[in-house]
Amino acid sequence: MDTIPELKRPAFARWLGTTNEVTRRFLGAGRIPGLINIAGGLPAPELYPAAELAAIARQVIEEHPEETLGYAPIEGLPDLRDALAARFSTQALKLGRANVLVTASGLQGLDLIGKVLVEEGGLIAAQFPTYLGALDAWRPRQPRYRHVDLEDASLDPVAALQGAQFAYTVPNFSNPTGKLVGLPMRRALVEAAHRTGTWLVEDDPYGGLHYDGPPLPRLITLSGDRQPGQVYGGPVVYMGTLSKEVVPGLRIGWMIAAPAMIEALVMAKQGADMCTSGVTQRMALVALEGGLIERLRPVIVALYRARRDALCAAMAEHLSDWFEWEVPVGGMFVWAVARDPALDTDRLWSIALKAGVCVSPSSVFDSTGANRRALRLNFTLNPPNRLAEGVRRLAAALKTMADQSHD
Ligand SMILES: Cc1ncc(COP(=O)(O)O)c(C=O)c1O
């Protein structure tokens, strides 16, 4: 019998082989039936304003058929760019349309910043541990990373930023740690960016989700204070999104930066997707102008605060022999660090999946994959009884792991 010769195909790009095994398995793990998913950074779907968004969708297509259904400008709809510029301006920080790019969500912004700044082997100074999506977005650029620990009181921000193509930070309730960067460190980072010239990316999906205490000033606001009244031309690249405060499905985000940076990002976006959907951009504009975010915020904050408290209470009951953590004052995550430095959370993750709960192991937030001592737990997606059951399953997995080690 004739054998069919095996097809000789061109090799896939090298970067595809640079991800770690856990990341690869982790990304597909959240959808197993019966599994309690406390791994992802997902909003509570019962809070999606579905009826209101359906009405807005109909309204914008009927009122603006050509603009919504045709190609939009690469930079974004002028009215939406103006609205975003006005929303983020302060007395000192002067923003105009030229400072704003509308993106297909925050993740596209991260991809674009990698495209315009990083050649293969280029250096990124990234807040450590680092948002997995950012590592994914930049993996094809094959960068080098300098890990920057913003909780380290002895950190020298100038040394941290010097020589990097850009610094990446999530000052409000970081993903994965949920930590808030304090005002002195914010000021120091902005000062360092102005001194070194290094671009300072401020990724801010969680800034509206604070449960205790007032918000702190944005890095771009602090940067604008240094050049009051001039159209913003400083080093901060601010990134926002509707994903965590309205819905992720609209895929609307924005970047606010010096006009020269916006122009470069536009070049990259042209080759990425030509434009963000006109339908969802117009919907975002109506939502912003109609105060939808402000109306939703108290409801979201109350629900998430109660869920955070429920998760932390269940953790205190079942996990405190193994882990320690701080109760986060905002965002979506609790970062639990193992008391025993030898506890391997990659291994725990696999055992926990079999026990019916998915959590995020710390290795996926480390460009080297080496950090295996912590877990990220999400409290926004599930109601309190599911959070408690998820934590019980995790505790059972810890016992199984301990028993296996004694065998
Ligand atoms: C730190 C951070 N940046 C960006 C994003 C991207 O969100 P989106 O692409 O939905 O705007 C996320 C989502 O989890 C995030 O946690």
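One is the number of the first residue; the rest follow in order along the sequence. A quick note: this is a predicted structure, and the numbers were derived from the prediction, not measured. In each ligand, atom 1 is the first atom listed, and ligand 1 is the first ligand listed.
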Q. Hey, does Arg218 have a side-chain heavy atom less than 4.5 Å from the side chain of Leu93?
A. no
Q: Distance to 0.1 Å, residue and atom name: give those for the protein heavy atom nearest to atom 8 (P) of ligand 1.
A: Ser243 OG, 3.4 Å
Q: List every atom of ligand 1 that sits less than 4.0 Å from any heavy atom of Arg251, numbering the atoms from 1 in the order shown and giving each element.
A: 8 (P), 9 (O), 10 (O)
Q | Ion pair Arg308/Asp212, N-O distance below 4.0 Å | A | yes
Q.
What I want to find out is whether Asp273 reaches Lys269 closely enough, with some N-O distance under 4.0 Å, to be called a salt bridge.
A. yes
Q) Quick one: side chain to side chain donor-acceptor pair (under 3.5 Å) partners of Thr221, sequence neighbours excluded? A) none
Q: List the closest protein heavy-atom neighbour of atom 16 (O) of ligand 1: residue, atom name, distance to the nearest 0.1 Å.
A: Tyr206 OH, 2.5 Å
Q: For Gly106, take its heavy atoms, then give the atoms of ligand 1 lying under 4.0 Å from any of them.
A: 8 (P), 9 (O), 11 (O)
Q. Less than 4.0 Å between a side-chain N and a carboxylate O, is that true for Glu317 and Arg392?
A. no
Q) Would you call Met332 a ligand 1 contact, heavy-atom distance under 4.0 Å? A) no
Q: Give a yes or no on whether a salt bridge exists between Arg372 and Asp366, defined as a side-chain N under 4.0 angstrom from a carboxylate O.
A: no
Q) Looking only at protein heavy atoms, which one is nearest to atom 5 (C) of ligand 1, and how far off is it? A) Tyr131 OH, 3.4 Å
Q: For atom 13 (C) of ligand 1, state which one of Met239, Gln127, Lys244 supplies the nearest heavy atom.
A: Lys244
**Q.** Salt-bridge present (Lys115, Asp111; N to O < 4.0 Å)
**A.** yes
Q.
If the threshold is 4.0 Å, N to carboxylate O, is there a salt bridge linking Glu62 and Arg58?
A. yes
(Q) Please state which option from Thr169, Leu107, Ile252, Asp203 has its nearest heavy atom closest to atom 3 (N) of ligand 1. (A) Asp203
Q) Is Pro205 close to ligand 1, meaning an N/O of one under 3.5 Å from an N/O of the other? A) no
**Q.** Pro248, portion touching ligand 1 at heavy-atom distance under 4.0 Å
**A.** neither
Q) Of the backbone atoms (N, CA, C, O) and the side-chain heavy atoms from C-beta on, which set of Tyr168 has a member under 4.0 Å from an atom of ligand 1: side chain, backbone, both, or neither? A) side chain
